[in-house]
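Reviewing the structure listed below.
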Amino acid sequence: MGKLQDTQRALVLQGGGSLGAYEAGAYQALYERITKRDREKGVRDKPFLDVVAGTSIGAINAAIIVSYVAENNTWEGSSERLNEFWEYLSKESPLDQSPGFTAWWDYLHNNVHPGIASGEAARRYYSSKQFAITGVPSVFIPLVPQFDTKFFDFLNIWYRFDSGPLKRSLERFAKFPIATSFDEKSSLQQPRLILMSVDVAEGVAVAFDSYETEDGSRKSEYGKYITQNGKGERYQHIIRYNDGITSEQVIASASVPINYSYTPLEVESYNSNTANYEKNIRYFWDGGIMSNTPLTQLVQLHRLYWLKVKGLTDNVPKLEIGIVNVHPVKQDTIPWDHDGVTNRSSDITFSDRTRREQEALLLVSDYVDLARKLIQIAKDYGAKDEIINNLLYSNTLNHGLAMKSRKYSDILVGQFEIGKVVRINRKNDENTISNKIFDFSPKTIEHLRESGYSNSMDLSDVEFS
């Protein structure tokens with residue numbers, strides 16, 4: 001029989017195009033290490049992961065993992081499924097079959113000037129250039145270039161891609177819709193899937209969640225908090241997907257701005273003129289532009305589920321979190337060439353910034369703990385319950401500002417701990433390029449998978465409870 005664990009394991013996967021192959025390797029290593037450790041400890045009733053959260057290509061990887069486990073009722077084989085997906089996506093470029101090309105560049109690099117690219121760097125660079133022009137059949141195909149009819153600038157040409165092939169590839173390896181939940185009677189708990197996207201017009205991050213909400217339905221609510229006809233408070237926008245997360249919502253998380261078109265989704269939005277919710281089409285972009293490492297959203301949704309859906313006020317499971325970073329935060333050498341500077345700028349833009357989020361979340365948790373202890377001290381020294389309750393059930397100072405109004409007592413329930421946070425960091429090698437997210441060549445994909453696997457195997461502190 002299933003039971004609530006004191007600690008739950010979560011995995012966070014970043015966005016980064018073809019760098020998602022690194023996540024596949026890291027996932028395989030984590031699965032092998034953690035399940036082996038569980039067997040050695042005699043742990044038999046604990047799932048490998050409880051939550052998988054992702055953005056962009058991380059959302060696609062996460063959907064394939066959760067779909068496989070939900071469909072097959074086992075974690076065994078999930079890493080193989082993810083690796084098969086990446087093998088399916090990869091495509092050879094002409095340079096993969098031209099050893100003379102890399103040999104020539106290596107000669108220049110080694111004998112003429114070290115600032116000239118190595119053969120492998122040149123192979124990646126020009127393979128990415130080719131894919132950016134001709135596309136990758138299983139990932140994206142180019143659309144007809146759109147010429148500038150606004151400023152009549154003949155250099156201002158918009159090159160766009162059709163993400164339809166990626167959606168079809170995703171649907172080949174994942175079964176939709178994806179709806180999961182925590183069932184105390186189940187022998188294997190279904191993992192929770194959390195994905196991030198962005199409402200383009202609203203300019204806010206939107207989370208899609210495979211678990212049910214307080215009223216039993218699956219939906220995403222966002223935007224300004226409003227009072228509807230004096231009958232209660234609700235968010236301005238609601239996306240309903242009671243049957244589960246759809247492939248369209250996964251693609252919405254991976255709709256890279258400018259490169260891809262917006263992803264349209266049906267949304268119910270509050271019309272202040274009619275005081276009713278009305279269906280409309282809104283447009284979504286890649287979640288990576290606002291939350292490429294969705295740690296805060298993961299933590300908030302975790303608390304809300306166990307507090308509002310399961311009614312746990314004090315025993316919310318502690319979270320232990322693994323984060324796979326495909327964009328290096330640090331780099332030993334400073335680049336001085338245009339491609340290197342562009343590459344470094346991109347890595348910093350989309351890198352993991354969650355250490356500060358983690359510190360803030362832990363600080364809030366400490367303040368909650370302090371408030372509880374001060375209340376207990378007040379009671380021990382004779383403070384009347386009426387005085388304490390009047391404070392707890394009064395509105396907080398900051399309420400109703402794009403969020404549900406709350407009382408001080410709301411802050412003190414549903415507290416939980418963040419346990420270990422393990423970060424698996426990809427490092428750029430000497431052959432890295434700025435357009436690395438476009439390189440779907442088999443050699444690069446295999447290199448990324450092997451790097452993710454070996455880096456995760458080499459970590460000394462990857463063990464979870």
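Both backbone and side-chain heavy atoms feed into the values below; hydrogens, waters and symmetry mates do not. Keep in mind the model is a prediction, meaning the values are calculated, not measured.
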Just by modelled atom types, is the [Y] backbone N or O under 3.5 Å from a matching donor or acceptor in the [X] side chain?
X    : Y    : answer
T342 : H338 : yes
S18  : I437 : yes
Y241 : D209 : yes
R303 : V413 : yes
S169 : S138 : yes
D199 : F284 : no
S90  : I445 : no
W158 : I258 : yes
S454 : E450 : yes
T432 : N428 : no

Whether the [X] and [Y] side chains hold a donor-acceptor pair (N or O, under 3.5 Å, no angle test) is what I'd like checked.
X    : Y    : answer
Q297 : S291 : yes
S434 : Y125 : no
D429 : H447 : yes
T444 : S441 : yes

Exercise for the section: Identify the residue among W306, Y305, Y211 that makes a ring-ring contact (aromatic ring centres under 6.0 Å, His included) with F182. Expected result: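 Filter result, single survivor: W306.
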
Neighbour count above 12 (heavy atom, 6.0 Å) for [X] [atom1]:
X    : atom1 : value
R355 : CZ    : no
E278 : CD    : yes
K310 : NZ    : yes

Problem - Residue pair E268, Q236: steps toward the side chain to side chain contact (heavy atoms under 4.5 Å, CB included) verdict - result: CA-CA 8 Å; E268 295 176 15; Q236 185 177 4; over 6 Å; no

To the nearest 0.5 Å, tell me how far [X] [atom1] sits from [Y] [atom2].
X    : Y    : atom1 : atom2 : value
N242 : R218 : CG    : CZ    : 6.5 Å
E212 : S181 : CD    : OG    : 5.0 Å
I194 : Q300 : CD1   : CD    : 10.5 Å
Q249 : L193 : CD    : CG    : 10.0 Å

Give a yes or no on whether a salt bridge exists between [X] and [Y], defined as a side-chain N under 4.0 angstrom from a carboxylate O.
X    : Y    : answer
E248 : K167 : yes
R168 : E171 : no
D347 : K436 : yes
E120 : R124 : yes
R9   : D38  : yes

Quick one: closest heavy-atom pair of [X] and [Y], and the distance?
X    : Y    : value
A383 : I388 : CB-CD1, 4.1 Å
P191 : L49  : CB-O, 4.1 Å
N455 : Y22  : ND2-OH, 2.8 Å
E357 : L295 : OE1-CB, 3.8 Å
A62  : G54  : CB-N, 4.5 Å
A63  : F176 : CB-CZ, 4.4 Å

Handout entry: Evaluation steps, ring-ring contact (aromatic ring centres under 6.0 Å, His included), between Y31 and F48
Key = CA-CA 7 Å; Y31 174 77; F48 164 49; 5.3 Å; yes

Practice task
Show your working on ring-ring contact (aromatic ring centres under 6.0 Å, His included) between W285 and Y262 and close with a plain yes or no.
Solution key: CA-CA 6 Å; W285 257 344; Y262 309 121; 5.3 Å; yes

Problem - Result of checking H327, R423, Q14 against D352 for side chain to side chain donor-acceptor pair (under 3.5 Å) - result: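 Testing each of H327, R423, Q14 against D352, the sole residue satisfying side chain to side chain donor-acceptor pair (under 3.5 Å) is R423.
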
Practice task
Test ring-ring contact (aromatic ring centres under 6.0 Å, His included) on F440 and F131 and set out the steps.
Solution key: CA-CA 8 Å; F440 285 84; F131 292 140; 7.2 Å; no

Practice task
Evaluate the criterion side-chain hydrogen bond (donor to acceptor under 3.5 Å, both in side chains) for residue pair N83 and R449; output intermediate values, then yes/no.
Solution key: CA-CA 8 Å; N83 283 327; R449 284 168 50 191; 3.3 Å; yes

Handout entry: Derivation of the side-chain hydrogen bond (donor to acceptor under 3.5 Å, both in side chains) call for T74 and N72
Key = CA-CA 5 Å; T74 180; N72 295 280; over 6 Å; no

Practice task
Show your reasoning for whether ring-ring contact (aromatic ring centres under 6.0 Å, His included) applies to Y235 and Y225.
Solution key: CA-CA 4 Å; Y235 283 101; Y225 222 77; 4.3 Å; yes

Problem - Pair E266-R240, side chain to side chain contact (heavy atoms under 4.5 Å, CB included): steps then yes or no - result: CA-CA 8 Å; E266 185 178 84; R240 300 186 186 277; over 6 Å; no

Handout entry: S255/Y283 under side-chain hydrogen bond (donor to acceptor under 3.5 Å, both in side chains): CA gap, chis, key distance, verdict
Key = CA-CA 10 Å; S255 294; Y283 297 91; over 6 Å; no

Problem - side-chain hydrogen bond (donor to acceptor under 3.5 Å, both in side chains) between N292 and T55, worked out - result: CA-CA 6 Å; N292 203 39; T55 298; 5.0 Å; no

Practice task
Could you walk me through whether L312 and L307 pass the side chain to side chain contact (heavy atoms under 4.5 Å, CB included) test, one step at a time?
Solution key: CA-CA 5 Å; L312 298 183; L307 173 63; over 6 Å; no

Problem - From CA spacing to verdict: side chain to side chain contact (heavy atoms under 4.5 Å, CB included), Y260, S163 - result: CA-CA 7 Å; Y260 288 156; S163 61; 3.9 Å; yes

Practice task
Please determine if R234 forms a cation-pi arrangement with Y277, meaning its NZ or CZ atom is less than 6.0 Å from the six-membered ring centre and no more than 45° off the ring axis.
Solution key: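 Cation-pi check for R234 and Y277: passes.
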
